[in-house]
S.K.: 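Mind having a look at this structure? Questions to follow.
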2 protein chains.
Amino acid sequence: MTAQPDQTGSPPGPATGRIIISVDAMGGDAGPSVVVAGIAKSAEKNPEIGFILHGPEDTLRKLVAKRRGLDGRVEFRDARDVVTMDDKPSQVVRSGKQTSMWSALESVRNGEAAGAVSCGNTGALMALSMIRLRKLPGVNRPAIAILFPSSNPQGFNVMLDVGADIRADARDLLQYALMGASYARNGMELPRPRIGLLNVGTEEHKGRAELKEAHALISEFAERSNFDFAGFVEGSDITGNAADVIVTDGFTGNVAIKTGEGTASMVGGLLREAFKYSMLSRLASVLAITSLNRLKKRIDPRRVNGGVFLGLNGTVIKSHGSADDTGVSAAIKLAFTLAQSGFTEKLAARVASTGELTQDVAHANEAPDS
Amino acid sequence: MTAQPDQTGSPPGPATGRIIISVDAMGGDAGPSVVVAGIAKSAEKNPEIGFILHGPEDTLRKLVAKRRGLDGRVEFRDARDVVTMDDKPSQVVRSGKQTSMWSALESVRNGEAAGAVSCGNTGALMALSMIRLRKLPGVNRPAIAILFPSSNPQGFNVMLDVGADIRADARDLLQYALMGASYARNGMELPRPRIGLLNVGTEEHKGRAELKEAHALISEFAERSNFDFAGFVEGSDITGNAADVIVTDGFTGNVAIKTGEGTASMVGGLLREAFKYSMLSRLASVLAITSLNRLKKRIDPRRVNGGVFLGLNGTVIKSHGSADDTGVSAAIKLAFTLAQSGFTEKLAARVASTGELTQDVAHANEAPDS
């Protein structure tokens, strides 16, 4: 049940001043070789990161040995079982102690690592994270936040929840607003982020009942907290400049990001076709290659695929199941950045400080009945 | 309350063999001049269309007089009031008899026109359509279906509901599947469309309770009906090739299409920037202009913005509030194509023929309790 410390190999931890990221090598669609390739990419770019790698140790040691850049940067934790995409979260929670995912979270729980990254089953990762790391005091429902390319000055919007939970009531949406604001402040250096609540229109009478209620709650908090409330926003604002943080339930958020990613992929594919169409367009693509590569990098979903679980005692990053080395490397970078900024501690303080206010608002709302 | 027939001007109707489309000139963000420009574009492309135009007659006559291509193609119905984007549907239903929107639907109701097009307030247009045209027998909740660019052979997916109603239960989703299948068969010439049910994952245990129930209902009907059920699909499949018709509730569908449109616009904007970046890339954009224009046309949301209201006695097309002349023209073309194919009559027959089956399934589901 507990992780087996690896006594061989050079220590990548505190002795070297590195920030240690715990990585689940298994559970992604492409297997551990892609995860190790992503670690290698990350290690090459950032000498301040060390890794603890979880999975079948013999296999992982072989893969790591092929990457010279990983010498002395990786510790191993042998884990024989793998959480598959088909495993139900409840089943993993009951009998997943030997899995690489469980082991990866254990390294965060026991303080060996500053954050965990996994490409595996989202539902299982969230369920395990809630049980092993536990929710921050005052958080009702953790959320998954991602960065989505937008026309904002910073180039990205934060969006949450994108799939931790398929339902959210008004109070959950308020908590997402607070957590998203904190993430934007600390992770994106936006001192006063603009929060938007996703709806089918921007008019205040539109949308579901829980959205109208959440609108009132968030308005109330915006006055006392360090963010601006942009009110209701629409799907088109996810890539727009109306807000820095888009708040929604996990069902809608999940559909929205997958729609956006699908659209970007489709346009990219059509663009490639367009450039193959004629001799002139082939020549054009050669001339424009630098500009096009810059564009591709800007909108590449793999570079922003790291979703962060907000509201837990510890940083957990969920990467796409289909992430390649670039995607894994982006997720690791996000874990590193958050660890470096002391994000979890700041978020904990933030949520704790709002607990009292939540009660105030609850009392205010209940007053007419009491 | 009733429309005032216009006795002046040459008749664009049956005498000329034209299919008449009723157009609400008011209510769009850009005003009637853009709507008239869209009509002119449409008239130029298709000599078989005639128009009845609803709004302040003096203004509209002046705008139409400027377009020589519209000579003898347009009748007018004077309507002094306008439904604004802020008007509540219930209010328009009560006191909107003098509006151009009401008048536009009246021309469909009394058989003067084969279909109506409006850029106005969606909620009001749906509420008025339900009251003036009434639902087809057997339809519980009409839906708005749009075409979205995809990597399908036909280049588009049908998606519904994208905003007629923010909620849908399992039986509504089944009806959307049947209506969407009928639309795909008749409007897109797909004899056996593949129907996908939008969810946060493709595994059968995932998602909300009503989705699991709808999955079972649609599976049941696919066996007896003329479509294939592709099961659960995800946001990325909206632009993909897993299904031809994407079924979802109007809240999720509305957010998804706006997200997709926003993403496509953002990528297009970044592409324009990329081509301006250097002398080489400017040259490239000149060389590739034909290919790029073809791509732009392929994904231009304005060309597919016509949403069709399914489940009513008559064709009603909702165009974007921000539609320009191209958008208005695309909506008119869709109304024309559907009128030409006798779509409403076919859909009515389809829904009527499934009424009995719905009862069978209902009985089968109720059997354990009776």
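Convention: sequence-line order gives letters A, B, ...; per-chain numbering from 1.
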S.K.: Applying side chain to side chain contact (heavy atoms under 4.5 Å, CB included), name anything that partners A/Ala127, two or more places apart in sequence or on another chain.
M.R.: A/Pro89, A/Val93
S.K.: Taking all atoms of both residues into account, what is the closest heavy-atom pair of B/Thr252 and A/Phe251, and its distance?
M.R.: OG1-CE2, 3.6 Å
S.K.: Any chance you could measure A/Asn254, atom CG, to B/Asn199, atom CG, to the nearest 0.5 Å?
M.R.: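 Between A/Asn254 CG and B/Asn199 CG, I get 8.5 Å after rounding to 0.5 Å.
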S.K.: Can you tell me which portion of A/Ile246 sits under 4.5 Å from chain B's heavy atoms? Options are side chain, backbone, both or neither.
M.R.: neither
S.K.: Identify which part of A/Asp86 has an atom lying under 4.5 Å from any heavy atom of chain B, answering side chain, backbone, both or neither.
M.R.: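 The answer is both parts of A/Asp86.
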S.K.: Report yes if the side chains of B/Glu261 and A/Ser236 come closer than 4.5 Å at any heavy-atom pair, otherwise no.
M.R.: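 The answer is no, as the side chains (C-beta and beyond) never meet within the 4.5 Å cut-off.
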S.K.: Which pairs count as salt bridge (Lys or Arg N to Asp or Glu O under 4.0 Å) when at least one residue sits in residues 140-150 of chain A, sequence neighbours excluded?
M.R.: A/Arg141-A/Asp165, A/Arg141-A/Asp172
S.K.: Would you say the side-chain atoms of A/Lys258 pair up with the backbone N or O of B/Val200, donor to acceptor, closer than 3.5 Å?
M.R.: yes
S.K.: Chain B heavy atoms under 4.5 Å from A/Asn241: which part of the residue, side chain, backbone, both or neither?
M.R.: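 Neither part.
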S.K.: In terms of heavy-atom contacts, does NZ of B/Lys212 have more than 12 from other residues, nucleotides or ligands at under 6.0 Å?
M.R.: yes
S.K.: Please examine the side chains of B/Val255 and A/Val255, heavy atoms only from C-beta on, and report whether any two atoms are closer than 4.5 Å.
M.R.: no
S.K.: Mind ranking A/Ile166, A/Leu198, A/Ile257, A/Thr122 by heavy-atom pairs under 4.5 Å with chain B and telling me who comes out on top?
M.R.: A/Ile166
S.K.: Would you sort out whether B/Thr239 and A/Thr259 count as a side chain to side chain contact (heavy atoms under 4.5 Å, CB included), showing the intermediate values?
M.R.: CA-CA 7 Å; B/Thr239 53; A/Thr259 302; 5.7 Å; no
